[in-house]
Amino acid sequence: MPDTAAATAALTGIAAAAQEGPGDTLRIVLLVSMVGGALLAWFLLRGYRGESDEQPADTPARGASGDAEDANA
């Protein structure tokens, strides 16, 4: 008669849970590295938003004192 306890443990996964190896640690390392890569990409790409230092054509240029410069002066 076959050993029913060993067969039951094999079918329910109890034997697989007792295995040693880098499974959980590897999952954690991969998850942390993916989150870190996403944060790094966000940090590096946020500088390319599309904001520029150029003023629109209808905005008068400002002088050192902050007043609008007169184009006829």
Side-chain angles (χ1 to χ4, degrees):
M1 188 164 175
D3 188 353
T4 56
T8 305
L11 290 176
T12 58
I14 295 172
Q19 293 178 351
E20 294 182 20
D24 291 335
T25 305
L26 187 59
R27 284 188 195 115
I28 292 170
V29 168
L30 288 174
L31 180 66
V32 168
S33 65
M34 290 185 346
V35 170
L39 288 174
L40 179 65
W42 171 79
F43 179 75
L44 291 175
L45 292 173
R46 71 182 189 142
Y48 295 106
R49 276 193 194 152
E51 297 175 6
S52 64
D53 294 332
E54 298 176 15
Q55 293 181 349
D58 60 345
T59 305
R62 299 284 177 180
S65 65
D67 296 332
E69 295 179 14
D70 187 9
N72 296 326

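Model, not experiment: these values are computed from the prediction. Heavy-atom basis, side chains included; hydrogens, waters and symmetry copies ignored.
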Side-chain cluster (under 4.5 Å, hydrophobic types only) that L40 belongs to, other residues: W42, F43, L44

Residues clustering with V32 (ILVMFWY side chains joined when closer than 4.5 Å, directly or via others): I28

side-chain hydrogen bond (donor to acceptor under 3.5 Å, both in side chains) contacts touching residues 28-41 (sequence neighbours left out): none

